[in-house]
Amino acid sequence: MDYNKLANMLFPNINKTISYYENEVFPKRNLKEGAKVTRLAPSPTGFIHLGNLYGAFVDERLAHQSDGVFMLRIEDTDEKRKVEGAVETIITSLKFFDLNFDEGALIDGENGDYGPYYQSNRAEIYQCVAKYLIEQGRAYPCFCTEEELEDIRREQEAEGVNTGYYGKWAKYRNATIEEIQEHLDNGESFVVRFKSNGTEEGKFEIDDAIRGRLEIHENYQDVVILKTNGIPTYHFAHVVDDHLMRVTHVVRGEEWLSTLPIHYELFKTIGWDTPIYCHTAHLMKMDNGSKRKLSKRKDPELGLGYYMELGYHPAAVREYLMTILNSDFEEWRIANPEGNIEEFEFTLNKMSNSGALFDLDKLNNISKDVLLKIPVEEIYVFLLNWSKEHKPEIVNILENNRESVIKLLSIGRNDNKPRKDLMYCEQIFEFISYFFDEYFSIVDNYPENIDGAEAKKLLQKYLNTYNHSDDQSQWFDKIRTISSENGYAAKPKDYKKNPDMYKGHVGDVSTVIRIALVGRSVSPDVWEIQQIMGKEKVLERLKKVIN
RNA sequence: GGCCCUAUGGUCAAGCGGUUAAGACACCGCCCUUUCACGGCGAUAACCCGGGUUCGAGUCCCGGUAGGGUCACCA
């Protein structure tokens, strides 16, 4: 068989050689020793979930910790799945989480010397490598129709053998050049298949930077490397691109473990070294009592958009992700509470091999701490920007009350034991919404021991003695006085000792006042809230309840 | 079903042949306290099962079991 002839029959217009690309177009990168080159390679379906972000962090940390390169390559080899605007979503989402690419695809165009970074624009490169494999007798055209492949599969299932295109089932593996010519003359379209030399029994070993040494079966399938449209399948694109883009570490989900043999054989056959593989565990979700992999379709609530909508701060999400990414991060954080997250040395071998369940409680807890470290003015800006995107009806309120909002968010923040009230924007606004008349309403009930008439009586007394310029202790002394004059213990401890002697204690009286002012039985310090509200609003709210 | 990966409290996890089996979150209790939050203290709670190897196994080996993944001209 004249393979060169076959190659030219199939790809008459491909004249470049692999060495041309290797030496002239994509030469080895000039990076310092140990620099890692990583890539995020999403398909443009327009949806990114937490799991993608999780993987992206690994790529980013690896690259930027080593003065390497972090790039974005768009795997748009499947037209059917392409979604308009998806690339923009990917880039802006990742940027939101402070993941910035050094090279690769941009929203409009691209940047870097190893492009094109859209796989759909690299057809010539893939075809060149495919042509080389054909010349070597290690790839061939296949003219099977979908129906034929379906028939093969059914037969294999009936026989109880492994499904796939291999061995005696590989109809075109040994086709003669004349037979091929005939199909071509008929105008039939073809795919290019890799001619595997592996066996079903064969095994080999390979190291994975996360999982350690892996013993895996050889590939024995003649997989499709170029589709009828001349665009590669993932397997081929991965091998060609990651080699020519000089990627050193391939970080991807563990779902790729099962096709690793294909990639390995392709690398070896072309004569290239394999990159260092890093197969990450999946982020899982609880579904009907059992864990499962995050799914784009089923789990929109785990999409990045969901967290952006609720208004989680990117730093909080990053911090959370880091705790599940590296097992010793939390210890490091406890030892370095003020340290920048980039100072933490991320390592692959401390990554877990088993899938972690996403834990919202933990995220919330971490978020409280993270937000506490962010200056309140910045939180205000963050909240405002969030509202513009996700809650436009409150934009004016926030803009017109900048000073008040900042003060409200600051209550108790600078104490020795600071309050940690803030978690995410949706919750933050809810937390201060009572301040705005449009959102204020009385939602909680008075304590059980106080009825409406009693509450009004107490509020009237409070109103009578109210002096807006009282300092905090003067103010509270008055409440104690009102309490004891009306049959309530001025100190809760007194009440606990002799509950029969009192109607309640000062806490109950405070609660009545708090409800009148903020509508709820729970809030930060009432005196501070009053000072922020101003005298007019305080009196207005009190009178509203009394009358 | 074949092949592959994984398996420590409710969750995330330390552990690398000898430990009273860390820590964090959640939950519960107590303290602090005008509510809540914060903080402090404390409690409950785990090595999937069965065989080996070994003086000794969560740790190594083999078999189950369970969960997950994958078996496309999708990535």
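Note on naming: letters A, B, ... go to the chains in the order of the sequence lines (proteins, then strands), and numbering restarts at 1 for each one.
The side chain of A:Glu331 lies closest to B:A22 when the candidates are B:A75, B:U34, B:A22. Checking B:U35, B:C5, B:A75 against the side-chain heavy atoms of A:Ser43 singles out B:A75 as nearest. Here the side chain of A:Ser258 is nearest to one of B:U70, B:C25, B:C5, namely B:U70. Considering only the side chain of A:Val191, B:C73 comes nearest among B:C73, B:C4, B:U11. The side chain of A:Lys417 has B:G39 as its nearest neighbour among B:U35, B:G39, B:U33. Here the side chain of A:Thr228 is nearest to one of B:C73, B:C5, B:C38, namely B:C73. The side chain of A:Glu330 sits closest to B:A24 out of B:C73, B:A24, B:C25. The listed nucleotides are B:U11, B:C5, B:A75; the one nearest the side chain of A:Asp78 is B:A75. Residue A:Thr77 has its side chain nearest to B:A75 when only B:A13, B:C36, B:A75 are considered. Counting only heavy atoms from C-beta on, A:Pro492 has its side chain closest to B:U34 among B:U34, B:C38, B:C4.
The separation between A:Lys227 atom NZ and B:C73 atom P is 10 Å, rounded to whole Å. Distance A:Glu75 CD to B:A72 P: 19 Å, rounded to the nearest Å. Atoms OH (A:Tyr54) and C1' (B:C12) sit 11 Å apart, rounded to a whole Å. One atom, CD of A:Glu200, and another, P of B:C4, lie 12 Å apart when rounded to the nearest Å. Look at CD1 on A:Ile334: it is 12 Å from C1' on B:A13, rounded to the nearest Å. In this entry the distance linking CD1 of A:Ile262 with C1' of B:C3 reads 12 Å, nearest Å. In this structure, the CD atom of A:Glu319 is 12 Å from the C1' atom of B:A24, given to the nearest Å. Rounded to whole angstrom, the span from the CD atom of A:Glu254 across to the P atom of B:U70 amounts to 9 Å.
The aromatic rings of A:Tyr172 and A:His183 sit perpendicular, their planes meeting at an angle over 60°, well past the 30° parallel limit. Classification of the A:Tyr495-A:His505 ring pair by plane angle, with boundaries at 30° and 60°, yields tilted. Using cut-offs of 30° and 60° on the angle between ring planes, the pair A:Tyr277 and A:Phe267 is perpendicular.
Nearest-nucleotide positions on RNA chain B for A:Ser523 and A:Ser189 put A:Ser523 closer to the 5' end. If you find the closest nucleotide of RNA chain B to A:Asp508 and to A:Ile231, the one lying nearer the 5' end belongs to A:Asp508.
In this structure, A:Asp415 reaches neither bases nor backbone, as no heavy-atom distance under 4.0 Å exists between it and the strands shown. Residue contacts shown for A:Arg520 are absent, as no nucleic acid heavy atom lies under 4.0 Å away. If you check every strand for non-hydrogen atoms under 4.0 Å, A:Trp475 touches a base. Within the nucleic acid shown, A:Arg193 comes within 4.0 Å of sugar-phosphate atoms alone, with no base atom in reach, counting heavy atoms only. At a threshold of 4.0 angstrom between heavy atoms, the contacts of A:Asn353 are confined to the sugar-phosphate backbone, with no base atom among them. Counting non-hydrogen atoms under 4.0 angstrom, A:Lys368 reaches the backbone sugars and phosphates but no base. No contact: A:Ser483 has no heavy atom under 4.0 Å from any strand. Within the 4.0 angstrom heavy-atom criterion, only backbone atoms of the sugar-phosphate kind lie near A:Val224; the bases stay farther away.
In this model, the phosphate group of B:C71 is not approached by any side-chain N or O of A:Asn162 to a distance below 4.0 Å at OP1 or OP2. For A:Arg480 and B:U34, the shortest distance from a side-chain N or O to OP1 or OP2 is below 4.0 Å. Using a 4.0 Å cut-off, some side-chain N or O of A:His217 falls inside it from OP1 or OP2 of B:C4. Regarding contacts with the backbone of B:G39, a side-chain N or O of A:Lys420 is found under 4.0 angstrom from either OP1 or OP2.
Cation-pi geometry between A:Arg520 and A:Tyr434 is not met at under 6.0 angstrom from the ring centre and within 45 degrees of the axis. Geometrically, A:Arg193 engages A:Tyr165 in a cation-pi contact defined by less than 6.0 Å to the ring centre and at most 45° from the axis.
Across the strands present, B:C71 finds its partner in B:G1; the criterion is a Watson-Crick or G-U wobble pair with both atom distances under 3.5 angstrom. Base pairing of B:C27: no nucleotide in any strand meets the Watson-Crick or G-U wobble criterion (both distances under 3.5 Å). Of all nucleotides present, none satisfies the Watson-Crick or G-U wobble test against B:A37 with each distance under 3.5 Å. Pairing for B:G18 goes to B:C55, judged as Watson-Crick or G-U wobble with the two contacts each under 3.5 Å. Nucleotide B:G63 forms a Watson-Crick or G-U wobble pair with B:C49, both donor-acceptor distances falling under 3.5 Å.
For A:Phe344 and A:Phe329, the ring centers are positioned less than 6.0 Å apart. Aromatic rings of A:His263 and A:Phe236 (six-membered ring for Trp) have centroids beyond the 6.0 Å cut-off, not under it.
Using modelled atom types and a 3.5 Å distance limit, the side chains of A:Glu200 and A:His217 yield no donor-acceptor pair. At a cut-off of 3.5 Å, with distance as the only test, a side-chain donor of A:Asp241 or A:Tyr126 sits close to an acceptor on the other residue.
Comparing B:G17 with B:C25, their P atoms are spaced 30 Å from each other, to the whole Å. Taking atom P in both B:G15 and B:A7, the straight-line distance is 13 Å, to the nearest Å. A distance of about 15 Å separates the C1' atoms of B:C49 and B:U8, rounded to the whole Å. Rounded to whole Å, the separation between the P atoms of B:U59 and B:U53 comes to 15 Å. B:G2 and B:C60 are spaced 28 Å apart, taking the C1' atom of each and rounding to whole Å. Of the C1' atoms belonging to B:U70 and B:C27, the separation is 38 Å, rounded to the nearest Å. Comparing the P positions of B:U54 and B:C16 gives a spacing of 22 Å, expressed to the nearest Å. Taking atom C1' in both B:A43 and B:C28, one finds a spacing of 8 Å when rounded to whole Å.
The base of B:U34 is paired with the side chain of A:Ser510 by a donor and an acceptor separated by under 3.5 Å. Under 3.5 Å, the side chain of A:Lys362 and the base of B:A24 form at least one donor-acceptor pair of N or O atoms. Between the base of B:C5 and the side chain of A:Arg211 there is no donor-acceptor pair shorter than 3.5 Å.
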Exercise. Walk me through it: do A:Thr347 and A:Lys350 pass the test side chain to side chain donor-acceptor pair (under 3.5 Å)?
Key: CA-CA 6 Å; A:Thr347 51; A:Lys350 272 175 282 178; 3.2 Å; yes
